[in-house]
Participant: 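Please read through the structure below; I'll follow up with questions.
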Amino acid sequence: MIALSHVFGNDLVLNSGTLQTVSSTELTRQSLLRRLLTVPGDYIWQLDYGVGLPLMVGQVIAPEAMESVIRAQVQADAGVDSSQAVTVTVTDEGGGVCRCDVSYVDAASGQQQSLSFSY
């Protein structure tokens, strides 16, 4: 499948006068970021979609609870092979910053992928 390239929080990108598209592994990566950053209830066609990581900023860090919610949402994504294990590690980096490392198998390629970010 091909979709417009759109990293959550950024604008669409023009590439030689046309909108940039993504597919396969990059599409799944962008989809996962969108899922993790979307607040549950904000997507009116699927109210349980999203983790809502932006709402966790400034809250007490509870790595186990965060890992569980993130793992469930990653496994629910169509681009992730749900028959394979998803690992999520949330690390308190101090100063209210968390690092999140996610490892999953891409459904289209069958390859192990990783996604890391701080929030």
Side-chain angles (χ1 to χ4, degrees):
M1 180 166 77
I2 295 176
L4 291 178
S5 176
H6 182 249
V7 176
F8 193 92
N10 293 320
D11 290 331
L12 295 173
V13 177
L14 286 177
N15 186 8
S16 301
T18 62
L19 289 172
Q20 184 172 330
T21 60
V22 292
S23 61
S24 191
T25 304
E26 179 61 18
L27 177 59
T28 299
R29 188 186 76 75
Q30 288 185 13
S31 174
L32 288 174
L33 284 172
R34 189 168 24 263
R35 181 179 287 271
L36 296 174
L37 295 170
T38 297
V39 175
D42 281 0
Y43 184 49
I44 62 172
W45 293 277
Q46 194 174 349
L47 296 175
D48 60 347
Y49 176 91
V51 173
L53 291 179
L55 294 180
M56 296 180 187
V57 172
Q59 302 296 318
V60 174
I61 297 169
E64 297 82 18
M66 292 174 174
E67 290 168 0
S68 176
V69 171
I70 292 168
R71 185 178 304 104
Q73 286 289 321
V74 169
Q75 287 176 323
D77 196 274
V80 174
D81 183 346
S82 61
S83 71
Q84 301 293 321
V86 172
T87 59
V88 179
T89 305
V90 174
T91 308
D92 183 352
E93 293 192 328
V97 176
C98 286
R99 178 174 175 80
C100 183
D101 297 295
V102 180
S103 178
Y104 62 94
V105 175
D106 184 80
S109 70
Q111 299 294 313
Q112 189 77 29
Q113 300 293 322
S114 62
L115 176 65
S116 297
F117 55 92
S118 295
Y119 61 96

Participant: Looking at Ile70 and Cys100, what are the two nearest heavy atoms and their distance?
Facilitator: CD1-SG, 3.8 Å

Participant: For Asp77, what residues pass the salt bridge (charged side-chain N to carboxylate O under 4.0 Å, His left out) criterion, not counting sequence neighbours?
Facilitator: Arg35

Participant: Among residues at least two apart in sequence or on other chains, which ones pass side chain to side chain contact (heavy atoms under 4.5 Å, CB included) with Thr18?
Facilitator: none

Participant: Can you list the residues that meet the salt bridge (charged side-chain N to carboxylate O under 4.0 Å, His left out) rule with Asp92, with sequence neighbours excluded?
Facilitator: none

Participant: For residues Gln73 and Asp48, report the shortest heavy-atom separation together with the two atoms involved.
Facilitator: NE2-O, 3.1 Å

Participant: Which pair of non-hydrogen atoms, one from Leu55 and one from Val39, has the smallest distance, and what is that distance?
Facilitator: CD1-CG1, 3.4 Å

Participant: Nearest 0.5 angstrom please: Leu33 CG to Leu53 CG, how far?
Facilitator: 9.5 Å

Participant: In chain order, what residues pass the side chain to side chain contact (heavy atoms under 4.5 Å, CB included) check against Ser118, with sequence neighbours excluded?
Facilitator: Glu93, Val97, Arg99

Participant: Treating Ile, Leu, Val, Met, Phe, Trp and Tyr as nodes and any side-chain heavy-atom pair under 4.5 angstrom as an edge, say whether Trp45 and Tyr49 lie in one connected cluster.
Facilitator: yes

Participant: Where is the tightest heavy-atom contact between Ala107 and Ala78, given as atom of each residue plus distance?
Facilitator: CB-O, 4.0 Å

Participant: Taking salt bridge (charged side-chain N to carboxylate O under 4.0 Å, His left out) as the test, write out the residues that go with Arg29, two or more places apart.
Facilitator: Glu26

Participant: Rounded to the nearest 0.5 Å, what separates atom CE in Met66 from atom OG1 in Thr89?
Facilitator: 13.5 Å

Participant: Quick one: closest heavy-atom pair of Ser24 and Ala108, and the distance?
Facilitator: OG-CB, 4.3 Å

Participant: Check each of Leu36, Leu37, Asp101 against Phe117 using the side chain to side chain contact (heavy atoms under 4.5 Å, CB included) test, and report the only one that passes.
Facilitator: Leu36

Participant: Nearest 0.5 angstrom please: Asp106 CG to Thr28 OG1, how far?
Facilitator: 4.5 Å

Participant: Val102 versus Leu32: any side-chain heavy-atom pair under 4.5 Å?
Facilitator: no

Participant: How close do Pro63 and Val90 get, heavy atom to heavy atom, and via which atoms?
Facilitator: CB-O, 3.6 Å

Participant: Not counting sequence neighbours, list each pair that qualifies as a salt bridge (charged side-chain N to carboxylate O under 4.0 Å, His left out) and has a residue in residues 56-71.
Facilitator: none

Participant: Treating Ile, Leu, Val, Met, Phe, Trp and Tyr as nodes and any side-chain heavy-atom pair under 4.5 angstrom as an edge, say whether Val105 and Val80 lie in one connected cluster.
Facilitator: no

